[in-house]
K.L.:
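Sharing a structure here in structure tokens format.
Every chain is numbered from 1 and lettered A, B, ... according to where its sequence line falls, protein lines coming before strand lines.
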Amino acid sequence: MLRTHTCGELRKEHAGSEVTLSGWIRSIRDHNHFAFVNLTDRYGFCQVYFDENLKPQLEKEAYVQLKGEVKARPEKEINPNMATGEIEVICKEMKILSRSKVLPFELFDKIDVKEETRLKYRFLDMRRPQMIERLTMRSKIASAIRKAFEEMSFLEVETPVLVRSTPEGSRDFVVPSRVHHGKFYALPQSPQLYKQMLMIGGLDRYYQFARCFRDEDARRDRQLVHTQVDVEMATTQQEDVFRAVEHVMKTIFSDVLDVELKTPFPTYTYDEVMARFGIDKPDMRFGMELIDCGEAVSESGFVLFENALKDGATIKGIVAPGCAAYSRKQVSKLEKYIHQFQAKGLVAFKVKDGKLEGSPVKKMSEESVQKLYEKAAAQDGDLLLLCVGKSDIVHRSLGELRNYLARELNLIPEGEYNFLWVIDFPLFEWDEEANSWTPMHHMFSMPKDEFIENFEENPGDVKAQLYDLVLNGVELGSGSIRISYPEIQKRVMNLVGMSEEEAQKKFGFLLDAYQYASPPHGGIGMGFDNLVMTMLQLENIREVIAYPNASNGMFLYDGSPTPIECEQLDELHLNVVEKEEDEEANNEKSSEE
RNA sequence: GGAGACGUAGCUCAAUUGGUUAGAGUACCGGACUGUCGAUCCGGUGGUUGCGGGUUCGAGUCCCGUCGUCUUCGCCA
């Protein structure tokens, strides 16, 4: 070995011993006749003393190997902020193994560098203790997850990475076949179909860290490539999946964060969370629930409200605590925020001296103002904000506004981990564009028992054995009990407008498998990157991924994607069509054939 | 595909709102210092203001286009 110890492990009890260390030279503190250096590696950093003779060799951020003697520091020179602060190493001999160019940015934790630069030089960014810590936590969480699943007799099974392309769901990344002219593999959007077949295959309990590929625009919490903790269990009901996942969460929070979670996690129905929080992944660490004000203002005399109600609109509100002093400008900033969710605007009331104030009050009957005040149950100094419109828009807007205000007003308690299950999701939603019903999740989710007999009658009302795991307002995972009965599967496909031929063509391999007696089964897929991000209380998924992509799908550390050689294209039977100036002539976006 | 923000020294930012030679911190280079803790002190180098047009006596600043990063809507079964 090129070292006897790592840079982070030397302590007082090593004093007097001869050691060999390897690491990067960071922070040279030159005192003319001698110098101090922090020698660093993944494990920490260690102060090394260089005398006048050895000092000239020092080069910042060079990777060196050195021999020296560990010396206990005198009392007054101990650095309590440093794990190795009670000792230093007196360098006797140093060899530079590798030199460094001047760094594009410094490698401290509190750097303020454009992310673009950090991603381009990810290998340097990763040397920062903060990034080391994040990737270390990620690894620890992963191994705790494995431990927990193994305790419950789950098998880790790998599913294929080159799979059949399915047009359902998100856009596939596609891989051309060299051997099969004009044919393509796809990278899996998730192992969904393959894990279902594992259940038919009798594996009974499966989990996997699965890479999932989705050719969609990236977001703060979404990457082209992400890692999913994928789970499936046979002979199971919804609650069995919950208990298994809770065991895993309990284990990782206890092992990695030393946080003891209370289980079971509470469950809420989809309808309830939508009504109370406007959003299917509510953050329940704070209050500010939505208030249904339609009834209170139904006879207010205010044209805006009355006309809206006549058109079947929803009128809901939230109370922003202590915001009565908000200026018109501040309210309009909030309105601007909800414009992006198609909301028209906000009607604002200030709460003062036990009643509502503000310009809308003048347009309303005294009685309805009082009714609204009572309904809102707000305190003096609060601001009541009403949103009027189509129910899905009002819910989404207020739901997002609630989160926005909570962040703005610092209402979110730190260090709290609020888990919950959202159950009873609708099985179908109406797709305006396609003018048909589509599955809310995917078409293999089982309706709840009471809907099985005639779910065709009112598809929009059908609830499914479909659930999400939510942590602090982040959707961590989504799953369902699957349809293991070919008859029911056929009816669901029928309802979403998929003919038998089409179904055979796209999913025949799966539907055939179900002809051979499947145990009832279900499972869940959990976003591992999101889990790590939320556990570390970070806002951006890229902070917990070693090699993330930028928002336009570029990988800044290697510059991909790139064009490929003509020879490669020929071998794959591909032709790249130049993008034409005339967009109309080229509205088929695909440039590959 | 749409919207917004940003782009000035290697890095992070400033430039009195269109005014003359574009500044600061840090990094880098040189010097001083016998106990520092991302040392300190003194001095110095460093700029095609992302790129291309335009308006103007004059543009980092205004306009148009373009490229890049971030956020977001759409999209993400």
K.L.:
One thing to verify: whether A:Asp424 and A:Lys463 come together as a salt bridge, which I'm taking to mean a side-chain N less than 4.0 angstrom from a carboxylate O.
P.N.:
no

K.L.:
Does this structure show an ion pair linking A:Arg396 with A:Glu400, if we count only N-O contacts that are shorter than 4.0 Å?
P.N.:
yes

K.L.:
Looking at A:Pro447 and A:Leu427, what are the two nearest heavy atoms and their distance?
P.N.:
CG-CD2, 3.7 Å

K.L.:
May I have the distance from A:Leu556 (atom CG) to B:rU69 (atom C1'), rounded to whole angstrom?
P.N.:
8 Å

K.L.:
Measure from CZ on A:Arg171 to P on B:rG1 and round the result to the nearest Å.
P.N.:
10 Å

K.L.:
Hey, does the side-chain of A:Gln47 have a donor or acceptor N/O within less than 3.5 Å of a partner on the base of B:rU36?
P.N.:
yes

K.L.:
Using a heavy-atom cut-off of 4.0 Å across all strands, would you classify A:Gln192 as base, sugar-phosphate, or nothing?
P.N.:
base

K.L.:
Given the structure, check if the side chain of A:Asp217 and the base of B:rG74 hold any donor-acceptor pair shorter than 3.5 Å.
P.N.:
yes

K.L.:
Which nucleotide sits closest to the side chain of A:Ala550: B:rC70, B:rG38, B:rC76?
P.N.:
B:rC70

K.L.:
Is the base of B:rC76 touched by the side chain of A:Arg214 through a donor-acceptor pair closer than 3.5 angstrom?
P.N.:
no

K.L.:
Could you check whether A:Phe36 and the base of B:rU36 form a stacked pair, meaning centres closer than 5.5 Å and planes differing by less than 30°?
P.N.:
yes

K.L.:
Let me know the distance between CG of A:Leu119 and P of B:rC70, rounded to the nearest Å.
P.N.:
7 Å

K.L.:
Please work out if A:Arg26 contacts a base, only the sugar-phosphate, or nothing of the nucleic acid, heavy-atom cut-off 4.0 Å.
P.N.:
nothing

K.L.:
With the 90 degree cut-off around zero defining syn, does B:rU17 come out syn or anti?
P.N.:
syn

K.L.:
Just to be sure I understand the rule, does A:Phe341 reach a base, reach only the sugar-phosphate, or reach nothing, if contact means heavy atoms closer than 4.0 Å?
P.N.:
sugar-phosphate

K.L.:
When all nucleic acid strands are considered with a 4.0 Å heavy-atom cut-off, which category describes A:Met440: base, sugar-phosphate, or nothing?
P.N.:
sugar-phosphate

K.L.:
Below 6.0 angstrom between ring centroids: does that apply to A:Tyr49 and A:Phe34?
P.N.:
yes

K.L.:
If we check side chain to side chain donor-acceptor pair (under 3.5 Å) with A:His521, which of these qualifies: A:Arg482, A:Gln196, A:Lys195, A:Glu232?
P.N.:
A:Glu232

K.L.:
Which part of the nucleic acid, if any, lies within contact of A:Arg220, taking any heavy atom under 4.0 Å across all strands shown: a base, the sugar-phosphate backbone alone, or nothing?
P.N.:
sugar-phosphate

K.L.:
Can you measure A:Asn552 atom CG to B:rC70 atom P for me and round it to whole angstrom units?
P.N.:
7 Å

K.L.:
Heavy atoms under 4.0 Å, any strand shown: does A:Ser190 hit a base, just sugar-phosphate, or nothing?
P.N.:
base

K.L.:
Choosing from B:rU12, B:rC33, B:rC76, which nucleotide comes nearest the side chain of A:Asp30?
P.N.:
B:rC33

K.L.:
Hey, does A:Lys60 reach any base, or is it just sugar-phosphate, or nothing, if we go heavy atoms under 4.0 Å?
P.N.:
sugar-phosphate

K.L.:
Is any side-chain N of the basic residue among A:Glu86 and A:Arg11 closer than 4.0 Å to the acidic one's carboxylate O?
P.N.:
no

K.L.:
Need one value for A:Lys71: base, sugar-phosphate or nothing, where a base atom within 4.0 Å counts as base even if backbone is also close, heavy atoms only.
P.N.:
base

K.L.:
Determine whether a donor-acceptor pair (one donor, one acceptor, N or O, separation below 3.5 Å) exists between the side chain of A:Glu88 and the base of B:rG35.
P.N.:
yes

K.L.:
For a quick check of understanding: with a heavy-atom distance under 4.0 Å over all strands, which category does A:Glu116 fall into, base, sugar-phosphate or nothing?
P.N.:
sugar-phosphate

K.L.:
Quick one: look up who B:rU40 pairs with, Watson-Crick or G-U, both distances under 3.5 Å, and put none if it's unpaired.
P.N.:
B:rA32

K.L.:
Is A:Arg542 touching bases, backbone alone, or none of the nucleic acid, heavy atoms closer than 4.0 Å?
P.N.:
sugar-phosphate

K.L.:
Regarding A:Asn79, tell me which of base, sugar-phosphate or nothing describes its non-hydrogen contacts under 4.0 Å with the strands shown.
P.N.:
base

K.L.:
Can you measure A:Lys55 atom NZ to B:rA32 atom C1' for me and round it to whole angstrom units?
P.N.:
11 Å

K.L.:
Is A:Asp51 touching bases, backbone alone, or none of the nucleic acid, heavy atoms closer than 4.0 Å?
P.N.:
nothing

K.L.:
Taking donor-acceptor contacts at under 3.5 Å, does the side chain of A:Arg396 reach the base of B:rC73?
P.N.:
no

K.L.:
Can you identify which nucleotide, out of B:rG74, B:rC70, B:rG10, has its nearest atom closest to the A:Arg219 side chain?
P.N.:
B:rG74

